[in-house]
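Just below is one structure, and these are the notes that go with it.
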Amino acid sequence: MQSIERNRFSFIPATGDEQQAMLQKIGLQFDDIVKCFAGNSCVEGGLHLPDGLTEDQMVEYWDTMMSRNSGPRKASLLGAGAYMHFIPAVVPHLASLPGFITAYTPYQPEISQGTLQSLFEFQSFMVELTDMELANCSMYDGASSTAEALLMAHRVKKADRVLVAATVNPNYLATVRTYLEPHGIAVDVVRMNDGGRVSMEDLESQLSASACSAVLVQSPNYLGIIEDLGAIGTTVHAHDALFVESFTEAMALGLLKYGVGNGADIVVGDGQSLGLSMSFGGPHLGVFATLKKYNRDFPGRIVGESIDTKGRQAFVMTLRAREQDIRREKATSNICSNHALNALTAAVFLGSVGESGFRALACENVAKLQKLISGLEATGHFTRVFKQSSVFNEAVVASSIAPEDMRSRLAGVPVFPPLALARGVVPETQGMPHTYLVCATEMLKDSLLEQVLGALS
Amino acid sequence: MQSIERNRFSFIPATGDEQQAMLQKIGLQFDDIVKCFAGNSCVEGGLHLPDGLTEDQMVEYWDTMMSRNSGPRKASLLGAGAYMHFIPAVVPHLASLPGFITAYTPYQPEISQGTLQSLFEFQSFMVELTDMELANCSMYDGASSTAEALLMAHRVKKADRVLVAATVNPNYLATVRTYLEPHGIAVDVVRMNDGGRVSMEDLESQLSASACSAVLVQSPNYLGIIEDLGAIGTTVHAHDALFVESFTEAMALGLLKYGVGNGADIVVGDGQSLGLSMSFGGPHLGVFATLKKYNRDFPGRIVGESIDTKGRQAFVMTLRAREQDIRREKATSNICSNHALNALTAAVFLGSVGESGFRALACENVAKLQKLISGLEATGHFTRVFKQSSVFNEAVVASSIAPEDMRSRLAGVPVFPPLALARGVVPETQGMPHTYLVCATEMLKDSLLEQVLGALS
Amino acid sequence: MTLYEKSVAGRSAFSFGFEEDRAAAEACVPEFARATVKPLPQISELDLVRHFTNLARTNYGVDTGFYPLGSCTMKYNPKINERMAADPRLTVRHPLDDATDNQGVLQMEFELKESLQEITGMDDFTLQPACGAHGELTGMLIIHAYMRDHDAKRTKVLIPDSAHGTNPASASMAGFQVVTVPSNERGGVDMDALDKLMDDTVAAIMLTNPNTVGLFEENITQIAELVHARGGLLYYDGANLNALMGLIRPGDLGFDVVHLNLHKTFATPHGGGGPGAAPVGVKKFLADYLPIPVVVCRDGQYTFDENRPHTIGRMSGFYGNTAVLARAYVYIKMMGRDGLLATSRAAVINANYVKALLSPYFPPAYDRPVMHETVLSAKGYDKYGVTLLDISKRLMDYGYHPPTIYFPHFPPYAEEVMMVEPTESESKETMDLFCDALIKISQEAKENPDLLLSAPHDTVVTRVNETYAARHLVTSHRDKKGT
Amino acid sequence: MTLYEKSVAGRSAFSFGFEEDRAAAEACVPEFARATVKPLPQISELDLVRHFTNLARTNYGVDTGFYPLGSCTMKYNPKINERMAADPRLTVRHPLDDATDNQGVLQMEFELKESLQEITGMDDFTLQPACGAHGELTGMLIIHAYMRDHDAKRTKVLIPDSAHGTNPASASMAGFQVVTVPSNERGGVDMDALDKLMDDTVAAIMLTNPNTVGLFEENITQIAELVHARGGLLYYDGANLNALMGLIRPGDLGFDVVHLNLHKTFATPHGGGGPGAAPVGVKKFLADYLPIPVVVCRDGQYTFDENRPHTIGRMSGFYGNTAVLARAYVYIKMMGRDGLLATSRAAVINANYVKALLSPYFPPAYDRPVMHETVLSAKGYDKYGVTLLDISKRLMDYGYHPPTIYFPHFPPYAEEVMMVEPTESESKETMDLFCDALIKISQEAKENPDLLLSAPHDTVVTRVNETYAARHLVTSHRDKKGT
Ligand SMILES: Cc1ncc(COP(=O)(O)O)c(C=O)c1O
Ligand SMILES: Cc1ncc(COP(=O)(O)O)c(C=O)c1O
C-alpha cells in the first residue's frame with residue numbers, strides 16, 4: 001500500500017502522516033477497523049483494474065475513444081423519443097453553476113433555496129404547459145413517468161387492467177409492461193385506425209369489455225400524429241377510467257392542448273427537448289402533472305411555497321407523507337432522487353425562450369417538417385403515409401430507398417438518418433416498401449435541408 | 001426604427017412601451033435628447049453592417065468560419081513566447097465563475113473581496129517564484145511589461161540609454177523600442193557570444209562606454225538558453241544600472257533562480273504558461289516584480305492586506321498614489337485595466353499544481369526537450385546548435401530540412417511545426433543550412449513524439 | 001420573486017432566426033387553434049442570468065463547504081468529469097443512431113460495465129437505472145421474474161428495520177410483500193429473527209452493507225448461507241459501497257443482485273436531487289433477466305444485445321443516463337486500482353476519526369469501529385430543551401451542511417440521531433473544524449439554548465415552516481394567483 | 001485565509017502522468033541546483049475548489065446585480081460569447097503558426113476590423129492594444145511618430161480637465177507634454193481657452209465624446225476645424241462610444257485617431273480588472289503608422305501585413321487579445337446594424353431616465369439632457385454629516401454596486417459627485433428599484449445618518465481601511481510572514 005501513503009491521488013487530501021495521526025486519535029490501526037470482515041473473502045492482491053490515469057492521460061484516452069464516434073451532426077432526421085434542438089448558451093451556463101450542481105436533495109431548506117425555488121418554477125411551468133393543477137419536480141424520464149402514471153391510476157381505480165394506445169412509443173409501452181407485470185395488471189392495446197390515430201371504435205369496445213383503471217394515449221403519437229385528445233377524454237371518462245395523456249416531444253406543449261380541457265387526469269412525458277441534450281439517451285426529464293384531488297396519490301417530490309420565521313417567502317419540499325422515506329412500502333412510489341437538475345435546466349430554458357419564443361419554436365418545428373416532407377415527396381422517392389392526419393415535427397413516409405441505402409446516401413450530410421420502421425408497423429404503400437419515421441426541428445436549416453434532399457434525390 | 005420598437009434584441013430588455021413611459025418621465029422625445037448633435041453629420045440610413053444574427057445563426061456562422069483553421073493540435077514544437085501546456089479542468093472552471101468574470105476593477109473592496117484576495121494570492125506567488133519583494137497584480141503581457149520595466153528604470157536612473165541582450169525575444173525588443181522611442185532613450189543591443197548567451201565582454205564594454213539606466217536580459221533566452229543571471233547581475237550593479245530579468249516561459253520559474261539572489265531590480269515576463277491558453281496570442285499575462293525600495297516607482301495596481309472596521313482581514317488596492325487616476329500625467333504608467341482575470345487564473349493554476357507539481361512540470365519540460373533533441377539528432381537531419389549551453393524547453397537545431405518541407409512532413413501530425421529562424425540569427429552549421437527553434441513541453445507525449453520523429457526521418 | 005413575478009410583456013431572451021408564425025402553423029395543424037395561450041414568463045437574458053445566478057448563490061453545495069450528509073456520500077465531484085460529460089461527441093449523439101456510429105460512447109459504457117463487474121464481483125450489469133431506487137426496482141423485478149419462473153410462491157422480501165426507505169418501497173413496487181427484520185443489539189441483522197422469518201415464501205433479503213448505521217454486517221456469511229440454503233436470493237443496496245472498494249466485494253460475499261449509486265460512490269454530482277445513475281449487477285444465472293438492451297463487445301465491435309430471453313423488459317426510454325455514466329467512468333479510470341482502495345480506506349479512517357472526536361459529546365449507540373459513516377446521538381440535549389433539529393440548524397450558522405438527521409428510525413436509534421459521513425474528500429483540518437463547531441454548539445445548548453432554537457440566523461431565510469407549506473398548498477405560480 | 005495559510009505539506013491537486021525528477025533535470029541543467037525551493041501552497045483539489053468558489057461568491061458582478069459604474073459601461077456579457085471564446089479552435093492556436101493554418105481566426109479578426117471601421121468611420125484599425133490605456137498609448141505614439149516626421153516642434157497635447165486619468169498619463173507616456181483645457185459652464189470644452197492654447201506646439205487634442213460627465217461635446221465641429229486648421233490632430237477616447245452607435249461617428253466628426261474599449265461598449269467581460277481589448281482606428285494618412293502586423297485580406301486569403309513603412313513598431317508580444325476580440329466580434333455580429341443603434345438609443349434613454357428620477361434628490365450640475373451616463377451631486381448631504389462615500393457604501397446594503405464616485409474632479413464637479421451609467425442592459429424596473437433605494441438612503445441621511453456612516457452592514461467585510469493598508473504594507477504572503 002505504499003502508493004497510498006504517497007498521496008498521489010489528488011481527490012484524497014489526507015497525507016500518510018495525517019492518516020497516522022487520525023488513526024492514533026481513533027486508537028486503532030486500519031486493519032483493526034476492518035477486522036469486522038473476518039472470515040469473509042477479502043480482495044486479494046488488489047482489484048484487477050488498471051492503474052489510475054492522471055488528468056492529462058485521461059483527456060488523451062477520452063479523445064481517442066470519442067473519436068471512434070462518427071462526426072459532428074447539425075440536425076437530426078431521427079426523433080422517436082429524443083430530439084435535437086438548439087440549446088441557448090445561457091441554459092447550460094446557468095444550470096451548471098456550482099451551487100446547483102454540487103448540492104444534494106434540498107432536505108435543509110434554509111441552505112437550499114436555490115434548488116427549491118428553481119424546482120417550484122419548473123412545477124409552475126409544467127402546470128401551465130400541461131394545463132393541469134399540480135406537477136411534481138420531476139421523474140426520471142418520460143417512459144418511467146408514464147409507467148408510474150399507470151401505477152397511480154391503478155392505486156386510485158383498483159381495476160387490474162389498463163389500455164394503452166397502439167400509437168404510443170414502443171419503448172414507453174415496454175417500460176409500462178415491465179412496471180405493471182408484477183402487479184398482475186393487464187396491459188391491453190387499443191388499435192390504430194387508418195389515420196394513424198387511436199381507433200375510437202376499438203377504444204369504446206375495449207372500455208366496454210371490462211373495467212379499466214386507465215387509458216394511456218400519446219400525442220403527438222409515435223408516428224408524429226396529433227391525437228384527438230378531447231374526444232378520447234370524453235370516452236374514457238364515460239367509462240370511469242383515468243385518462244393519461246403522454247408526450248415525448250415537449251416542444252409540442254407550446255401549441256397543443258393538453259390537460260383538464262381534454263379531461264386528462266394525469267399528463268406525463270419527457271422534457272428532454274426543453275434545453276437538454278440527447279446525450280445518447282440520458283439523463284432526460286420525466287414530467288408528471290395531475291389534479292389536486294390526487295395530491296395524496298401521485299409519485300415523486302414536490303416543492304411548495306411557505307414562509308420562514310420572519311414571514312418571508314421560502315420554499316420547502318411538501319406533501320412528503322406520500323414518500324418512501326416516510327411511508328416505506330406503502331409509499332406512492334419508491335422514487336427518491338429524481339432528475340431535479342434537469343428540471344432546473346428546463347426552467348432556465350423556458351425562462352430563456354419565454355412565452356412567444358416557445359410558441360415560435362413550436363411553429364418553426366411544424367414548418368420545418370412540412371418543408372422536409374414536401375422536399376422528400378418532390379424527389380419522387382417518398383410519399384407521406386397518413387396524409388390526412390396533422391403532424392407536429394415527425395411523420396411517417398414510405399420510400400423506395402432501403403435503410404442501408406439511406407444511411408450511405410446520408411453519410412456525407414451532418415444529420416442523423418431517420419428511423420427505419422419495421423415492416424407492418426404502418427400499412428404498406430404501393431411501390432414504396434420501406435417506411436421511415438422522419439423528424440425535423442428548427443435545427444434543420446434550409447441549407448442543410450437542401451443537402452439532405454440532394455443526397456436523397 | 002420600427003424594428004427597435006419590437007424589442008427583438010434579447011440583450012435589451014426595454015419594450016417600446018417602457019421606453020415611451022421613460023421618455024415621458026424624462027419629458028423629452030429621443031430626438032430632443034440628440035439635438036446636441038445638431039449641425040453634425042449623423043449616420044444616414046443606418047450603418048452599413050449586416051442584420052444581426054440570432055444565437056443559432058451565430059453558432060452556425062462561427063462553426064463555418066472556425067473550420068477554416070487547420071485541425072486540432074495536441075502539442076507544439078513552436079514556442080518563442082507562447083507555450084502549449086496542459087490546463088487542468090479545475091482552472092478554467094474556477095476562473096470563469098460569474099462572480100469573477102463579470103466584476104469590474106475592485107474599487108469597492110467590501111463587495112470585491114473575491115477579486116482582491118485572488119490577486120493578493122497571485123502577487124504572493126509571483127514574489128516567491130521571482131524571489132522579489134513585491135509584485136503587482138498584472139500587466140498586459142510579457143512584452144509590454146518588459147517595456148514598462150525599462151521606462152521605470154529610466155525614471156529611477158534617468159540615464160537616456162538602456163542595454164538589451166541580443167538574445168531577448170525579438171517581439172519584446174520591438175515593443176521596448178516602441179515604448180522608449182518618444183522619450184529619446186537609446187536602446188543598445190548587447191551581443192550574443194558563441195554559446196548563445198549574453199557576451200560578458202560586450203556587456204562590460206557597453207556599460208563602461210556611457211551611463212545606462214538598465215540592462216535587460218531574458219532567461220531562458222529567445223534561443224532557449226539559460227543565461228548566467230548571477231554573473232550579469234554583478235556586472236550590471238558594478239555600473240550602477242538597474243538589472244531587469246525577463247522570461248517568456250513561466251514554467252521555468254519552477255526551477256531557475258531569479259530575483260534578488262542575482263541582483264535583479266525588476267523581474268518581468270509572461271505568465272501565459274500558468275494555466276492560460278495561447279489563444280492566438282492573447283490575452284496573456286504580464287508579470288512585474290520589483291523591490292520594496294521602488295514602491296513609488298513601479299507601474300500597475302497592487303493589492304494589500306488590511307482590516308475592516310471590525311478588525312477582520314480584508315484586502316484593498318493600495319499604493320494608489322502612483323496611478324493615472326490620481327496622478328494623471330505624472331503617474332508611473334498609464335495602465336488602468338490590466339489582466340487581472342488572467343492573474344487570478346494563474347493563481348488557480350499554481351494552487352492546483354502546487355509546489356512539487358510545479359517543480360515536476362519544470363523537470364518534465366526539460367526531459368521532454370532532451371528527448372526531442374536526441375530523437376531529432378538520431379534522424380541524422382538535425383543537430384543541436386549551442387550544444388554546450390543548458391536549455392529549458394526550447395533549443396535551436398540546425399537541419400537539412402527546409403521550412404516548406406518541414407511543414408508538409410508534419411502536416412499529418414497534430415503538432416504545431418517549429419519556428420524557422422531567419423538566416424543569420426545563429427551561426428551556420430555545415431551541411432544543415434536551416435535553423436529552427438524547437439520547443440517541447442509535457443504535452444509532447446511519447447507516442448506523439450514518435451509520430452513527429454517518424455515524419456521527420 | 002419567481003420568474004413569473006419578474007415577467008414583463010413583450011420582453012424576451014429569445015434568440016432564434018425565426019419568428020412565431022401561428023397562422024402558417026394552424027394551416028398545417030388545425031388542432032393548434034384549440035389550445036389557449038400558455039403563459040410563460042417574459043424576461044430579458046440579463047434578468048434571467050441574475051435570477052438563477054443569485055439563486056445558485058443561496059444554495060449550499062460540496063463546492064462551497066463540508067456536506068457530511070450520511071448515506072449520501074457527498075464527495076468531491078471532479079471538474080474534469082464535467083468537462084468530459086459536456087463533450088459534444090457525447091451530448092450530441094442520438095440514442096437510436098446506429099451502433100457503428102457510436103463506437104466511442106459504447107466503448108465507454110462497456111468499459112464501465114467491466115470495471116463495475118470487477119469492483120463488485122458480479123458477472124453482468126445493466127446501466128439503465130436512473131437512480132438508486134430505480135436500480136432497486138430493477139433488481140427486485142429481476143428477482144420477481146426469476147422467482148415467477150422458478151418458485152412462484154416466494155412473494156415476500158425481508159428487509160432490516162435499518163434499511164433506507166427506498167428498499168421496502170422498491171420491493172413493494174416490484175410486487176413483493178415486505179417483511180421487516182429487526183436489528184440485534186450490535187446494530188446488525190438479528191439472526192434468530194432471520195432464522196424464523198426466512199421460509200419458503202421469501203424470495204429475497206435486501207441488505208445494505210455497511211448498513212445505514214455505518215456498520216459492516218458481521219454475520220454476512222451466515223446470512224448468505226442461510227438465505228441461499230432456504231432458496232432465497234440476496235440483494236445488495238450498494239449506496240454504501242464507498243467503504244469497501246478494493247477491500248471486499250459484494251459478489252464474493254454471496255450477493256446475487258447489486259445496485260450501485262454512481263452519484264454517491266463514483267463521484268457524479270447529485271445536482272440538488274439527481275440525475276444519478278444506478279447500474280445493477282447480477283450473477284450469471286440472472287444475466288438473462290437484465291433489462292434490454294445490454295451493451296456488449298463482439299469481435300472488437302461494441303453493440304447492443306437485445307437477446308435476453310427472460311428479460312424483464314425496459315426500465316426507461318433508452319439506455320440510462322449516459323452523461324452520468326461518463327462521469328463515473330472517468331472517475332474510475334482516474335482512480336484506478338490503488339486509487340479506489342485508497343478512497344475506501346480514507347473514507348473509513350475519516351468516519352472513525354469524526355466518531356472519535358465527537359463521541360464524548362454525541363455518543364454512538366455502540367462503540368464499534370464504523371465503516372464510512374457514524375451515527376451519533378443528541379438525545380442528551382433534550383434536557384436543555386434543545387432537539388437535534390435545533391443543533392442541525394445551528395450548524396448552518398457555522399457554515400456547515402448538517403448531517404442526515406432522524407434516520408435511521410429503529411431502536412436504539414429511534415430518536416435524535418445524526419448520521420455523519422465525511423467521505424474521503426475531506427481533509428483532517430476540515431473535520432477538526434466541523435467537530436469543533438459541533439462541540440461549541442453542544443456548549444451553547446447548555447448556556448444559551450435560544451441560540452439554537454432560533455437558528456439558523458445567517459442564512460437567506462430563517463427556519464422554514466413545513467406545516468404552513470402543507471396547510472396552504474402552493475406548488476405552482478397558478479396556485480399563487482389563486483390565493 | 002489565503003491558500004498559503006491552508007497549505008499542508010504533502011498534499012496536492014496535481015494530476016499529471018509524471019513525477020518530479022529533479023536529479024535528471026539537474027543533470028541536463030546544472031543551473032537548477034542554484035535555485036532554492038520556491039514555496040507554493042499544497043492543497044487538495046476540493047479545497048482549492050472551495051477556496052475560489054467561496055471567493056467568487058463574495059464578489060459583486062453584473063451577473064449578480066445592477067452595476068451602474070459610470071464610465072465603465074457594465075453591460076450584460078452574453079454567455080454565448082464565452083462559449084465561442086472557449087472554442088479550442090480559437091484557444092489552441094499558436095500565434096506564430098502559419099497564417100494559412102489560421103484562416104478562421106484571421107477572418108474573425110478581419111471582419112471585426114471592418115465592422116469597427118464602419119461603426120467609427122475610420123479607415124484602418126489595429127487590434128493589438130490590450131486595454132483602453134494601451135489603446136491611448138498606441139494612438140498617441142502614432143501621433144507622436146507622425147509629428148516627428150511632419151512637424152517635430154509639436155510636443156504638447158491638449159486635454160480637457162474632465163478627461164479620464166489615462167488620457168494625460170498616456171500622452172505623457174507617448175512623450176508629450178500635457179496641457180489642460182478647462183471646461184466651460186455647460187460642461188464642454190471652453191472654446192476661448194482652446195483658442196488660446198491651440199498653437200503650433202500642439203500636436204493634438206484628446207477628447208472623450210460624450211465626455212466623462214455624459215455630455216455630448218456641442219462644439220465638436222468647431223473644435224475639429226480649429227485644431228485641424230492650426231495643424232493639430234484629434235484623438236478620440238472611445239470609452240463612451242456606447243452612446244453613439246449608429247447615431248453619429250467619430251470619424252465623421254473629424255477625429256483622426258480613435259480607440260475603443262471592447263470591454264465596455266462591446267460587451268466583453270471586465271474580469272475584475274481586465275483583460276480587455278482596445279483596437280485603435282486611424283484615418284488613411286496614418287495607416288502606415290499602425291503597429292505591425294495588421295491583419296488584411298488579399299485575394300480572399302487572410303494574412304498579416306508587416307509592411308507599414310512608418311510603423312511605430314509593436315505594442316505587445318503578438319497581435320492583441322484575440323479571445324477578447326472574439327467576444328466583441330460575436331456581439332457585433334449578433335446585434336447587427338439595428339441592434340447597435342437600439343443599444344445606443346436605449347443606453348441614452350436609460351441614463352436620462354435615471355437622471356429624471358434622481359435629480360430632485362441628487363441634482364445634476366447642468367440640467368441638460370445627457371447621453372449614456374449622468375453625473376449627480378450629493379453635496380447637499382454634508383449638512384447631515386454624511387459624505388458621498390457613506391451613501392455609496394449604504395447602497396451595498398440595498399444590494400447595489402455604487403456608481404463611480406468622486407470623478408470627474410473638475411469644477412463644478414469637484415466634490416461629491418457620482419457618475420451613474422445604467423447601460424441599455426437594464427430594465428425599467430431595475431432602475432426604478434435602484435432609484436428608490438437611493439431616495440430612501442437620502443431620507444436615511446437625514447433621519448439616521450449613523451446607518452450610512454457605519455455602512456455597509458450586510459457585506460462579508462465592513463468598511464475596509466485603506467490607510468491601514470498603505471501604512472502596514474502587506475502585498476504578499478511573504479510580507480505576512482515577515483510581520
Ligand atoms: C442506503 C440507500 N439506498 C438507496 C438510496 C436511494 O438512492 P436514490 O436517491 O438515488 O434513488 C439511498 C439514497 O439516499 C440510500 O442512502
Ligand atoms: C473615459 C475612459 N478612458 C479610458 C479608460 C481606460 O480604459 P482601460 O481601463 O481599459 O485602460 C477608461 C476606463 O475606465 C475610461 O472610462
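Labels below follow one simple rule: chain letters A, B, ... track the order of the sequence lines, proteins then strands, and each chain is numbered from 1.
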Part of [X] within contact of chain D (heavy atom distance under 4.5 Å):
| X | result |
| --- | --- |
| B:V366 | side chain |
| B:L47 | both |
| B:I307 | both |
| B:E121 | side chain |
| B:L255 | both |
| B:R312 | side chain |
| B:L129 | both |
| B:I335 | backbone |
| B:R327 | neither |
| B:F86 | both |
| B:D131 | both |
| B:V90 | side chain |
| B:V59 | both |
| B:K330 | neither |

With side-chain contact (heavy atoms from CB on, under 4.5 Å) as the test, would you mind laying out the steps for B:E181 and D:H144 before giving the verdict? CA-CA 10 Å; B:E181 199 275 346; D:H144 194 268; 4.2 Å; yes
Before giving the answer on side-chain contact (heavy atoms from CB on, under 4.5 Å), spell out for B:F315 and D:V464 the whole-Å C-alpha distance, their side-chain angles and the decisive distance to 0.1 Å. CA-CA 8 Å; B:F315 297 91; D:V464 180; over 6 Å; no
Would you find a donor on one side and an acceptor on the other, under 3.5 Å apart, between the side chain of [X] and the backbone of [Y]?
| X | Y | answer |
| --- | --- | --- |
| B:R177 | D:I312 | no |
| B:H183 | D:M173 | yes |
| B:N334 | D:A133 | yes |
| D:T91 | B:S277 | no |
| B:Q324 | D:T166 | yes |
| D:K333 | B:Y61 | no |
| B:Q123 | D:S476 | no |
| B:S306 | D:E466 | no |
| D:Q103 | B:N69 | no |
| B:D141 | D:G317 | yes |

Just how far is it from atom [atom1] of [X] to atom [atom2] of [Y], taken to the nearest 0.5 Å?
| X | Y | atom1 | atom2 | value |
| --- | --- | --- | --- | --- |
| D:L90 | B:M65 | CG | CE | 9.0 Å |
| D:I349 | B:I33 | CD1 | CD1 | 6.0 Å |
| D:E426 | B:I12 | CD | CD1 | 12.5 Å |
| D:F407 | B:D325 | CZ | CG | 8.5 Å |
| B:L53 | D:I80 | CG | CD1 | 11.0 Å |
| D:F18 | B:C363 | CZ | SG | 9.5 Å |

For D:Y4, what residues pass the ring pair (Phe, Tyr, Trp, His ring centres under 6.0 Å) criterion, not counting sequence neighbours?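 Ring pair (Phe, Tyr, Trp, His ring centres under 6.0 Å) check on D:Y4 returns B:F125, D:H477.
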What is the minimum heavy-atom distance between D:S316 and B:T175, and which atoms define it?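 The pair with the smallest heavy-atom distance is O-OG1, 3.6 Å.
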Salt bridge (charged side-chain N to carboxylate O under 4.0 Å, His left out) evaluation trace for D:R478 with B:E128: CA-CA 8 Å; D:R478 215 184 247 190; B:E128 295 296 355; 3.1 Å; yes
Below 4.5 Å from any heavy atom of chain B, which atoms of D:I119 appear? Answer side chain, backbone, both or neither.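 Answer is both: backbone and side chain atoms of D:I119 are under 4.5 Å from chain B.
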Determine, stepwise, if the pair D:H94 / B:M84 fulfils side-chain contact (heavy atoms from CB on, under 4.5 Å). CA-CA 8 Å; D:H94 195 293; B:M84 186 167 168; 6.0 Å; no
Derivation and outcome, ring-ring contact (aromatic ring centres under 6.0 Å, His included), residues B:Y104 and D:Y67: CA-CA 9 Å; B:Y104 203 79; D:Y67 213 127; 7.2 Å; no
Please determine whether salt bridge (charged side-chain N to carboxylate O under 4.0 Å, His left out) holds for the pair D:R337 and B:D51, giving the CA-CA distance in whole Å, both sets of side-chain angles, and the decisive distance to 0.1 Å. CA-CA 6 Å; D:R337 184 192 46 236; B:D51 276 342; 2.7 Å; yes
Set of salt bridge (Lys or Arg N to Asp or Glu O under 4.0 Å) partners for B:E133, sequence neighbours left out: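 For B:E133, no residue satisfies salt bridge (Lys or Arg N to Asp or Glu O under 4.0 Å) once neighbours in sequence are set aside.
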Report the relative orientation of the aromatic rings in D:Y319 and B:F280; use parallel for angles under 30°, tilted for 30 to 60°, perpendicular for over 60°.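 The rings of D:Y319 and B:F280 sit tilted, inter-plane angle from 30° to 60°.
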B:Y179 and D:H134 aromatic ring geometry - parallel, tilted or perpendicular at 30°/60° bounds: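 The rings of D:H134 and B:Y179 sit tilted, inter-plane angle from 30° to 60°.
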Trace of the side-chain contact (heavy atoms from CB on, under 4.5 Å) decision for B:E110 with D:T462: CA-CA 6 Å; B:E110 295 83 5; D:T462 55; over 6 Å; no
